[in-house]
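Letters A, B, ... mirror the listed sequences (proteins, then strands); counts begin at 1.
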Amino acid sequence: MPEMPEVETIRRTLADKVEGRKIIRVDIGLPRLVKWPTAPEFQAILTDRTIRNLARRGKYLLFYLDNNFVLVVHLRMTGRLCYITPETKQDKFTHILFNLDNGDTLLYADTRTLGTLYLMPEEELWRIAGLSSMGPEPLSAEFTVEYFTDMLSKRQAKIKSVLLNQKLVGGLGNIYVDEALAIACIDPERIAKSLTTQEVRYLHQAVNQVIADGIAHGGTTFRDYRDGVGQSGSHQRYLQVYGRTNEPCQRCGGLIARKEVAGRGTHYCPNCQK
DNA sequence: CTTCACGCCTGTCAGC
DNA sequence: TGCTGACAGGCGTGAA
């Protein structure tokens with residue numbers, strides 16, 4: 001499901017509601033979603049803990065608790081976190097409930113059940129490989145043109161697969177990669193190190209732009225994605241190529257095409273993207 | 001080390 | 001209507 005703009009939107013919509021709240025009980029319907037520690041330990045450690053702060057790194061959400069533990073959630077394809085009151089209708093695919101001290105509930109729902117939850121002391125977060133090995137995020141101080149240029153110059157893989165690699169750039173997923181490549185007019189199958197200095201500059205700018213726009217629009221709701229209070233995003237209205245197969249390119253009027261690149265459905269304009 | 005195919009799960013949708 | 005196959009926003013693993 002969600003990429004960095006969606007996860008950031010969830011963080012923003014949840015933070016005010018959960019920060020300062022105490023978790024009074026955890027109900028787990030599908031224990032295998034809890035990757036660490038065991039589900040009973042997960043429940044026991046979380047019970048009576050207060051959420052101090054809700055942070056994000058790439059596509060991970062991090063709930064910092066008052067006992068130095070951190071609840072880490074990765075939504076993968078269809079995970080959802082939703083803050084509900086007793087009157088709110090509960091999501092059909094709810095698997096975990098975090099019951100709060102004000103009577104409200106933070107729920108974790110997931111149709112494909114590919115999401116993952118962890119709970120560990122802050123100093124052990126490095127054990128989560130995807131978190132500790134993550135590359136710089138778009139819009140961050142570390143994501144410089146110099147870093148991007150140097151990184152791409154060492155890569156023999158297709159540019160699409162490089163941009164999807166979280167170790168190299170943190171937070172991009174299939175939608176925003178297709179969009180960034182469309183904005184920068186670069187063919188997704190180009191070998192990363194073959195990009196010219198100018199193309200690298202355009203692409204760097206395009207990556208930052210699609211992520212900033214995605215956040216500004218509250219994320220892209222293509223099917224499952226909802227924010228922390230159940231609302232859809234609106235960035236789907238602004239997409240140039242993703243999900244627009246056989247529709248006209250807004251730049252040249254030619255038809256948007258779809259093919260498989262790096263094992264992922266890929267949308268692009270064969271006329272504009274070289 | 002880099003790159004890629006595959007598996008994990010379940011739901012939806014197009015086509016027959 | 002019912003069935004089948006393709007496809008779905010991610011990532012860890014293992015093989016080449």
K.L.:
Which whole number of Å gives the distance between the P atom of C/dG14 and that of B/dC9?
P.N.:
16 Å
K.L.:
Quick one: A/Leu61 CG to C/dG10 P, roughly how many Å, whole number?
P.N.:
15 Å
K.L.:
Once rounded to the nearest 0.5 Å, what's the spacing between atom CG of A/Leu14 and atom CD of A/Glu19?
P.N.:
9.5 Å
K.L.:
Suppose clustering is done on Ile, Leu, Val, Met, Phe, Trp and Tyr with side-chain heavy atoms closer than 4.5 Å. Which residues sit in the same group as A/Tyr60?
P.N.:
A/Trp36, A/Leu62, A/Tyr64, A/Val70, A/Val72, A/Tyr118, A/Met120, A/Leu125, A/Ile128, A/Leu131, A/Met134
K.L.:
Does a side-chain N or O of A/His74 approach OP1 or OP2 of C/dC11 to a distance below 4.0 Å, or not?
P.N.:
yes
K.L.:
Between A/Asp91 and A/Arg80, does any NZ, NE, NH1 or NH2 come within less than 4.0 Å of an OD or OE carboxylate oxygen?
P.N.:
yes
K.L.:
Could you tell me how far C/dA6 sits from B/dC6 if I compare only their P atoms? Round to whole Å.
P.N.:
14 Å
K.L.:
Please write out each protein N/O paired with an N/O of nucleotides 6-10 of chain B under 3.5 Å, distance rounded to 0.1 Å.
P.N.:
{"from": "B/dC9", "atom 1": "O2", "to": "A/Arg112", "atom 2": "NE", "distance (Å)": "2.9"}
{"from": "B/dC9", "atom 1": "N3", "to": "A/Arg112", "atom 2": "NH2", "distance (Å)": "3.3"}

K.L.:
Could you list all the salt bridge (Lys or Arg N to Asp or Glu O under 4.0 Å) pairs where at least one residue sits in residues 248-257 of chain A, not counting sequence neighbours?
P.N.:
none
K.L.:
Between C/dA8 and B/dA5, how far is it from one P atom to the other, in whole Å?
P.N.:
15 Å
K.L.:
Can you list every pair that meets salt bridge (Lys or Arg N to Asp or Glu O under 4.0 Å) and has a residue in residues 158-167 of chain A, with sequence neighbours left out?
P.N.:
A/Lys158-A/Glu189, A/Lys160-A/Asp178
K.L.:
Can a salt bridge be assigned to the pair A/Glu137 and A/Arg57 using a cut-off of 4.0 Å between side-chain N and carboxylate O?
P.N.:
yes
K.L.:
Name the residue closer to the 5' end of DNA chain C, choosing between A/Ile128 and A/Thr221 according to the nucleotide with the nearest heavy atom.
P.N.:
A/Thr221
K.L.:
Show me the donor-acceptor pairs within less than 3.5 Å that the side chains of residues 206-217 of chain A make with the rest of the protein, sequence neighbours left out.
P.N.:
{"from": "A/Asn208", "atom 1": "OD1", "to": "A/Leu139", "atom 2": "N", "distance (Å)": "2.7"}
{"from": "A/His217", "atom 1": "ND1", "to": "A/Asp213", "atom 2": "O", "distance (Å)": "3.1"}
{"from": "A/His217", "atom 1": "ND1", "to": "A/His235", "atom 2": "ND1", "distance (Å)": "2.9"}

K.L.:
Listed by chain and number, what are the side-chain hydrogen bond (donor to acceptor under 3.5 Å, both in side chains) partners of A/Ser194, not counting sequence neighbours?
P.N.:
A/Arg190
K.L.:
Got a sec, which residues hit side-chain hydrogen bond (donor to acceptor under 3.5 Å, both in side chains) with A/Gln205, two or more places apart in sequence or on another chain?
P.N.:
none
K.L.:
Who pairs with A/Arg25 by side-chain hydrogen bond (donor to acceptor under 3.5 Å, both in side chains), at least two apart in sequence or on another chain?
P.N.:
A/Asp27
K.L.:
Within this structure, what is the CZ-to-P distance between A/Arg80 and C/dG9, rounded to whole angstrom?
P.N.:
16 Å
K.L.:
Check DNA chain C for consecutive Watson-Crick or G-U pairs with both distances under 3.5 Å and list the runs of at least three as stems.
P.N.:
B:2-8 with C:10-16, B:10-16 with C:2-8
K.L.:
Do any side-chain nitrogens or oxygens of A/Tyr176 fall under 4.0 Å of OP1 or OP2 in C/dG9?
P.N.:
no
K.L.:
Could you tell me how far apart A/Tyr60 (OH) and C/dG10 (P) are, to the nearest whole angstrom?
P.N.:
13 Å
K.L.:
Can any side-chain N or O of A/Asn174 pair as donor or acceptor with the backbone N or O of A/Gly265 at less than 3.5 Å?
P.N.:
yes
K.L.:
When you measure from the side-chain N and O atoms of A/Arg223 to the phosphate of C/dG9, is any distance below 4.0 Å, counting only OP1 and OP2?
P.N.:
no
K.L.:
Under 6.0 Å between ring centres, would you say that holds for A/Tyr108 and A/His95?
P.N.:
no
K.L.:
Rounded at 0.5 Å granularity, tell me how far OG in A/Ser132 sits from CZ in A/Arg127.
P.N.:
11.0 Å
K.L.:
Write out a two-atom table: protein N or O, nucleotide N or O from nucleotides 14-16 of chain C, distance below 3.5 Å.
P.N.:
none

K.L.:
Sequence neighbours left out, what pairs pass salt bridge (Lys or Arg N to Asp or Glu O under 4.0 Å) with at least one residue falling in residues 230-240 of chain A?
P.N.:
none
K.L.:
Considering only heavy atoms, which members of residues 154-173 of chain A lie under 4.0 Å from some atom of DNA chain C?
P.N.:
A/Gln166, A/Gly173
K.L.:
Grab the CZ-C1' distance between A/Arg258 and B/dA14 for me, whole Å please.
P.N.:
13 Å
K.L.:
If we take the P atom in both B/dG11 and C/dC11, what is their distance in whole Å?
P.N.:
22 Å
K.L.:
Without decimals, in angstroms, what is the distance between A/Tyr118 OH and C/dC11 C1'?
P.N.:
9 Å
